[in-house]
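Have a look at the structure below, then the notes.
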Amino acid sequence: MKNNELIIQPGNEIVIENGGNSIRQFPFLSAFNNTILVNFSQHGDTYIDHPIDGIRLSSDFGNTWPVYMDNTDFYFTAVVRLENNDLFGMSYITTRIDEKHSTCYYCISSDNGINWRKFTGTVVFPEAQSSLASSNWGGIMFHRSLMQMSDGSLRGTMYGKYTDDKRYRCLWVKSEDRGASWSVVSVIAFDCTIGTEGYCEPVVARCADGSLLCVMRTGSSEYPLYQCRSLDEGLKWTVPEMLPGVNPDDALSVDPDLCLMSNGVLILSYGRPGCRLLFSPDGNGSRWGHVTTVCTSKTSGYTGIREISPGRLLIIGDKGSDWLHPTEFGIWGRYIDVRRSVD
């Protein structure tokens, strides 16, 4: 695909994980030079205490995926490389301690993801979190984004509900002790009138201008994505808006992901229906366009997107979650080359 700004060249689909009859769904993607990690759920789309989930690891830019591992509380929603070169992986799931406290689960690897040491931490909330009658899961979960700031602290995104919330809210949280304790910095977005679910499944990325951009789900396949921005490292956020520059009907989705490429183009992956990409040439999300479909077959619509080498993206997805009853579970990937037309 060529236009007056970008040249977008999707490649063939590859197999990352062939699950057969075993559940493989809702993948997350992390990339660090030649090391690429794909985390996925191996349990049904329900609340299961301490589920066993899995990882596929590539050490050659995704050409091969020889390493598979699974463990309890091993569903990394985000992985970040720390300043000492360790990898820090944060589990999606939290466990309720009491109304204002939850246990979180994280792992640290000193050998690029081959071996992981498991730890537990504590999240403190300023208000009472909601409770789940069917499980001991916490009412607010980690999701998608994690970054180490210039002061050494970790910052990330969570979403869930306080006791009186009718719909979800998105939170910006921090840890100043390498994940042992977490506190809420700010509310990214909350509105009990938005969509069918409120703001949920957030992703935050650093933009070309240094701001933080958050894109969020508001419902399922019939409700558009929203975005908001912070100019002060997450202390305050702008009022959410639908994605500028794109027809809302082209931005219906669950679980978005963001990636700022080395050439300054900001990429948004999203899905349901199918899996698609949007591009922001200015690198800031001030205008989206160039809708590109990368998957039309059965899938949950949950994706991950990362630049694995200059100008080359890897997008991942699944073959459908358990409630879609796929004929075979698995995680697929697809390389996409993106460059500016002027280059």
Side-chain angles (χ1 to χ4, degrees), residues 16-19 22-43 48-95 97 102-123 136-138 141-149 152-158 173-182 203 257 302 304-306 308 314 316 318 329-331 333:
I16 295 175
E17 167 72 1
N18 190 346
S22 300
I23 292 175
R24 303 289 191 270
Q25 59 188 6
F26 308 144
F28 293 101
L29 174 64
S30 304
F32 309 95
N33 297 322
N34 62 313
T35 300
I36 306 175
L37 296 99
V38 174
N39 298 86
F40 42 82
S41 169
Q42 295 184 175
H43 65 277
I48 300 174
D49 289 336
H50 305 293
I52 297 175
D53 293 311
I55 292 177
R56 273 285 173 187
L57 173 66
S58 171
S59 299
D60 57 7
F61 298 96
N63 292 313
T64 61
W65 300 86
V67 178
Y68 164 80
M69 62 193 90
D70 62 5
N71 212 324
T72 57
D73 304 314
F74 208 52
Y75 188 23
F76 297 156
T77 183
V79 180
V80 64
R81 189 180 290 283
L82 303 177
E83 83 284 346
N84 66 353
N85 216 39
D86 285 348
L87 295 182
F88 179 104
M90 175 59 73
S91 174
Y92 169 78
I93 298 164
T94 63
T95 301
I97 298 174
S102 283
T103 298
C104 61
Y105 304 91
Y106 62 97
C107 296
I108 294 176
S109 172
S110 299
D111 55 8
N112 280 330
I114 300 297
N115 296 284
W116 295 87
R117 306 185 305 277
K118 299 177 70 174
F119 301 88
T120 60
T122 303
V123 188
N136 196 41
W137 280 28
M141 310 295 173
F142 282 90
H143 189 77
R144 185 65 81 176
S145 302
L146 192 66
M147 58 182 66
Q148 188 166 40
M149 312 302 278
S153 66
L154 293 172
R155 306 286 172 102
T157 45
M158 301 186 76
V173 299
K174 72 173 180 179
S175 173
E176 297 178 330
D177 53 12
R178 298 294 182 94
S181 60
W182 295 83
V203 58
D257 197 13
Y302 283 67
I305 187 80
R306 288 294 179 271
I308 59 170
L314 174 64
I316 64 167
D318 61 32
F329 288 99
I331 307 298

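Both backbone and side-chain heavy atoms feed into the values below; hydrogens, waters and symmetry mates do not.
- Residues Phe40 and Asp318 are not in side-chain contact: their nearest non-hydrogen atoms beyond the backbone lie 4.5 Å or more apart.
- Between Phe76 and Phe28, the distance from one ring center to the other does not fall under 6.0 angstrom.
- With rounding to the nearest 0.5 angstrom, the OG atom of Ser91 is 14.5 Å from the CZ atom of Phe119.
- Closest non-hydrogen pair, Gly179 versus Trp182, comes out as O-NE1, 3.1 Å.
- Counting heavy atoms from C-beta on, the side chains of Arg117 and Asp86 come closer than 4.5 Å.
- In this structure, CD1 on Ile114 lies 5.5 Å from CE on Met69, to the nearest 0.5 angstrom.
- Here the rule is side chain to side chain contact (heavy atoms under 4.5 Å, CB included) with Leu29, and of Val79, Ile36, Asn39 only Ile36 fits it.
- Contact between His43 and Asp53 at its shortest, heavy atoms only, is ND1-OD1, 2.9 Å.
- Residues Thr103 and Ile97 form a side-chain contact, since some pair of their non-hydrogen atoms from C-beta on lies under 4.5 Å apart.
- The shortest side-chain heavy-atom distance between Gln148 and Glu83 falls under the 4.5 Å cut-off.
- Of the possible polar contacts, none joining the Lys118 side chain to the Ile108 backbone as a donor-acceptor pair under 3.5 Å is found.
- Contact of the Ile316 side chain with the Ile16 side chain is registered, since non-hydrogen atoms from C-beta on lie closer than 4.5 Å.
- Judged by distance alone, the side chain of Thr122 and the main-chain N or O of Ser181 form no donor-acceptor pair under 3.5 Å.
- Side chain of Ser41 to backbone of Gln25: no donor-acceptor contact under 3.5 angstrom is found.
- Taking CG of Leu146 as the reference point, atom OG1 of Thr77 lies at 9.0 Å (rounded to 0.5 Å).
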**OP:** Take Trp65 and Leu57 through the test side-chain contact (heavy atoms from CB on, under 4.5 Å) and record every step on the way to the result.
**Re:** CA-CA 6 Å; Trp65 300 86; Leu57 173 66; 5.8 Å; no

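- Inter-residue side-chain proximity for Leu37 and Leu87 is flagged as met; some heavy-atom pair is nearer than 4.5 Å.
- Ile93 CD1 to Ile48 CD1: the interatomic distance, rounded to the nearest 0.5 Å, is 8.5 Å.
- For the residue pair Asp73 and Tyr75, no side-chain donor N or O sits within less than 3.5 Å of a side-chain acceptor on the partner.
- For Asp177 and Ser175, the side-chain atoms include at least one donor-acceptor pair closer than 3.5 Å.
- Across Trp116 and Cys107, no two heavy atoms sit closer than the pair CE3-CB, 3.6 Å.
- No hydrogens or angles considered: nothing links the side chains of Arg81 and Ser30 as a donor-acceptor pair under 3.5 Å.
- In terms of heavy-atom proximity, Asn63 sits nearest to Ser58 at N-OG, 3.9 Å.
- In this structure, the salt bridge (charged side-chain N to carboxylate O under 4.0 Å, His left out) partners of Asp257, at least two apart in sequence or on a different chain, are Arg144, Arg306.
- For the pair Asn33 and Thr35, the minimum side-chain heavy-atom distance is 4.5 Å or more.
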**OP:** Could you give me the CA-CA distance, side-chain angles and deciding distance for Val80 and Leu154, then say whether side-chain contact (heavy atoms from CB on, under 4.5 Å) is met?
**Re:** CA-CA 9 Å; Val80 64; Leu154 293 172; 4.3 Å; yes

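- A 4.5 Å side-chain heavy-atom check between Phe142 and Val173 finds at least one atom pair inside the cut-off.
- Distance check: Met90 CE to Ser145 OG gives 12.5 Å after rounding to the nearest 0.5 Å.
- Side-chain atoms of Asn136 and Thr95 form no donor-acceptor pair, as typed in the model, at a separation below 3.5 Å.
- The NE2 atom of His50 lies 16.0 Å from the CZ atom of Phe74; values are rounded to the nearest 0.5 Å.
- Every residue two or more places apart in sequence or in another chain that forms a side-chain hydrogen bond (donor to acceptor under 3.5 Å, both in side chains) with Glu17 is listed here: Arg24, Arg56.
- Tyr302 has its ring centre less than 6.0 Å from the ring centre of Phe26.
- The minimum heavy-atom distance between Ala31 and Ile308, with the atom names listed, is CB-CG2, 4.3 Å.
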